[in-house]
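Chain A is the first sequence line, chain B the second, and so forth, proteins listed ahead of strands; every chain is numbered from 1. Only a predicted model underlies this, so the values are computations on that prediction, with no experimental measurement involved. These values consider heavy atoms only, across backbone and side chains, with no hydrogens, waters or symmetry-generated copies.
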Amino acid sequence: MIKTIVDVQGVRVKIGKKTIVDDVSLRLGRGEAILIAGPNGSGKSTFLKCLAGVILPDRGKVIYPNGTTAKKIRFISDQLSLFENFSVRQAMNFHKRIFGLKQMEYGVFAEAGMDESRKIRHLSTGERTLLNLSLALSQQPDVLLIDEVIHVIDPYLREKFLEAVIDLMDRCLTTVILVNHTFSEVEKIPERVLVMADGRFIVDEQAEELGMRLKKVVSESEISPEIPFIFSQPAGPFIEYFVYPFGPEMSDRFPYEFQAVDLNQIIKAFIGGQYVQKRNP
Amino acid sequence: MFLFNIDFASPLPLYRQLIHLIKLEIISGRLNSGDQLPPIRELAKLLKLNPNTVAKAYYTLESEGFTESRRGSGNWVSRKEVQLDSLRRSMVEDEWRIFLEKVLKLGATARDIRALMERDLTDDQDHS
């Protein structure tokens with residue numbers, strides 16, 4: 001059994017009148033890599049902020065049962081908490097002092113060969129994100145929360161960054177939680193997939209299981225009502241059905257071809273299904 | 001070595017695909033008895049896989065007797081005589097089943113398949 005690193009108990013967050021995170025309870029394990037997906041506005045970022053301790057929930061609590069300190073939890077979003085007037089070098093020194101790092105592991109950042117005398121406010125979005133991610137990695141956090149920022153880095157550095165994260169997961173058993181909309185590069189990393197909709201998790205499965213339980217059927221006409229599906233859409237003269245939960249006995253009982261799909265399509269189907277539900281309640 | 005693709009959208013789980021590919025390396029002789037497998041971390045980085053996935057594949061290979069692990073020093077292709085022939089036969093059979101399923105779905109008959117085999121296998125021998 002994996003050790004629990006974060007224990008989320010009945011967390012609820014309201015912003016204005018809207019409930020953004022709605023009574024969420026779950027446990028995340030040490031060294032787990034988790035992907036959180038969901039439609040825009042479903043509460044993913046707010047949930048991540050609760051994990052990071054950036055916002056306190058209105059109800060419930062987030063517990064780090066093994067005494068993980070704030071220094072070992074790192075949250076990265078597009079709202080970068082860097083000091084605008086610092087130079088890159090000053091920011092690094094500051095970071096080193098605050099987190100008591102003897103040595104700064106530049107890693108990905110060194111790869112970019114950036115001029116360290118430049119001011120933070122003069123950096124591009126990609127450069128800032130890269131700096132922020134590098135600072136986070138150098139801390140060797142126990143928990144790394146990444147809120148949809150990977151796509152702003154260029155493909156070369158993105159690959160280097162991914163390798164650094166994999167390295168960290170293996171060396172330090174870091175728990176990595178990714179909120180992401182684009183998966184092609186990271187799809188083989190998460191072992192657990194959570195899909196959020198309206199403040200709740202509607203899917204919490206091992207990626208491997210999910211791949212086996214969600215299949216696509218392309219059909220000329222409506223498929224048998226006995227087959228459960230979460231989303232369908234026209235595809236040229238055909239209709240695409242995303243069957244879930246799929247059971248292997250269906251291949252024998254029905255004449256359809258149940259195709260395996262990538263994580264991107266799986267997530268898209270769940271999100272698409274949410275929008276359909278919203279339009280036709 | 002290990003210039004292969006691992007595909008999320010495959011009916012096989014990722015660690016199973018990795019096991020399959022390492023067995024291919026062994027059968028083809030690119031990995032020999034006593035050779036070291038790449039360290040988990042390095043292979044994970046190379047293939048952009050979760051280190052746990054690689055560890056699971058290595059663990060399974062070891063429990064099936066293809067590899068041995070030495071504490072702290074990595075994983076090695078077993079020095080015991082790996083039953084290459086039976087491994088090869090079982091992998092050929094797996095691939096054959098997948099192939100059959102595909103062509104039968106296309107409506108091929110037993111006669112079609114036999115005719116094609118005859119044609120291409122004979123051609124092959126002519127070339128060699």
Side-chain angles (χ1 to χ4, degrees), chain A residues 2 29-35 107-108 150 155 158-176 178 183-193 206-216 246 248 251 255-267, chain B residues 1-22 36-62 69-75 94-95 97-108:
Chain A
I2 326 170
R30 177 139 198 246
E32 246 187 331
I34 299 144
L35 178 78
V108 189
I150 295 174
R158 196 154 55 211
E159 184 172 313
K160 295 290 162 222
F161 171 70
L162 264 186
E163 286 170 5
V165 171
I166 292 171
D167 195 274
L168 194 65
M169 288 171 64
D170 192 49
R171 249 179 329 127
C172 307
L173 270 186
T174 298
T175 302
V176 179
L178 280 170
F183 310 112
S184 48
E185 281 140 322
V186 301
E187 74 171 357
K188 286 174 254 165
I189 295 179
E191 352 171 48
R192 183 168 166 195
V193 177
Q206 296 296 305
E208 201 178 292
E209 290 282 302
L210 199 56
M212 287 192 277
R213 303 215 311 147
L214 196 145
K215 302 284 174 194
K216 185 167 84 172
F246 164 81
S251 307
Y256 311 115
E257 191 193 342
F258 295 91
Q259 302 167 23
V261 291
D262 60 22
L263 193 57
N264 208 25
Q265 292 201 60
I266 292 177
I267 299 294
Chain B
M1 185 175 87
F2 290 117
L3 297 171
F4 42 61
N5 268 327
I6 291 201
D7 182 9
F8 186 92
S10 150
L12 272 187
L14 297 172
Y15 84 100
R16 281 270 154 216
Q17 294 179 51
L18 185 55
I19 289 172
H20 184 85
L21 292 164
I22 292 172
Q36 189 174 10
L37 295 177
I40 290 178
R41 191 181 303 161
E42 295 315 312
L43 192 55
K45 279 154 87 168
L46 183 67
L47 299 173
K48 309 291 175 286
L49 287 171
N50 189 314
N52 293 338
T53 306
V54 181
K56 198 169 167 187
Y58 280 10
Y59 179 80
T60 311
L61 281 166
E62 189 184 354
S69 72
R70 283 169 227 160
R71 227 185 148 70
S73 74
N75 293 269
D94 288 346
E95 293 293 334
R97 237 176 271 128
I98 293 167
F99 163 79
L100 264 191
E101 198 176 306
K102 275 187 192 159
V103 293
L104 290 177
K105 222 175 249 169
L106 289 171

Problem set entry | Top of L49(B), N52(B), V54(B) for chain A proximity - count of heavy-atom pairs under 4.5 angstrom | L49(B)
For this session: Could you check which of V186(A), L263(A), N264(A), V176(A) has the highest count of heavy-atom pairs closer than 4.5 Å to chain B?
Result: L263(A)
Problem set entry | CA sep, side-chain torsions, deciding dist, call: K48(B), E187(A), salt bridge (charged side-chain N to carboxylate O under 4.0 Å, His left out) | CA-CA 9 Å; K48(B) 309 291 175 286; E187(A) 74 171 357; over 6 Å; no
Exercise. What pair of heavy atoms forms the shortest contact from I40(B) to D170(A), and how long is it?
Worked result: CG2-OD1, 4.3 Å
Problem set entry | Heavy-atom side-chain proximity of E191(A) to T53(B) below 4.5 angstrom | no
For this session: Tell me, please, which residues at least two apart from F99(B) pass ring-ring contact (aromatic ring centres under 6.0 Å, His included).
Result: W96(B)
Exercise. Residues in side-chain contact (heavy atoms from CB on, under 4.5 Å) with E42(B), at least two apart?
Worked result: P39(B), K45(B)
Problem set entry | L14(B), part contacting chain A, at a heavy-atom distance under 4.5 Å | side chain
Exercise. Taking everything shown except Y59(B) itself, do over 12 heavy atoms lie less than 6.0 Å from its OH?
Worked result: no
Is [X] in contact with chain B via its backbone, its side chain, both, or neither, using a 4.5 Å heavy-atom distance?
X	result
E32(A)	neither
L162(A)	side chain
E208(A)	side chain
A207(A)	both

Problem set entry | Rounded distance [0.5 Å steps], NZ in K188(A) versus CG in L47(B) | 7.0 Å
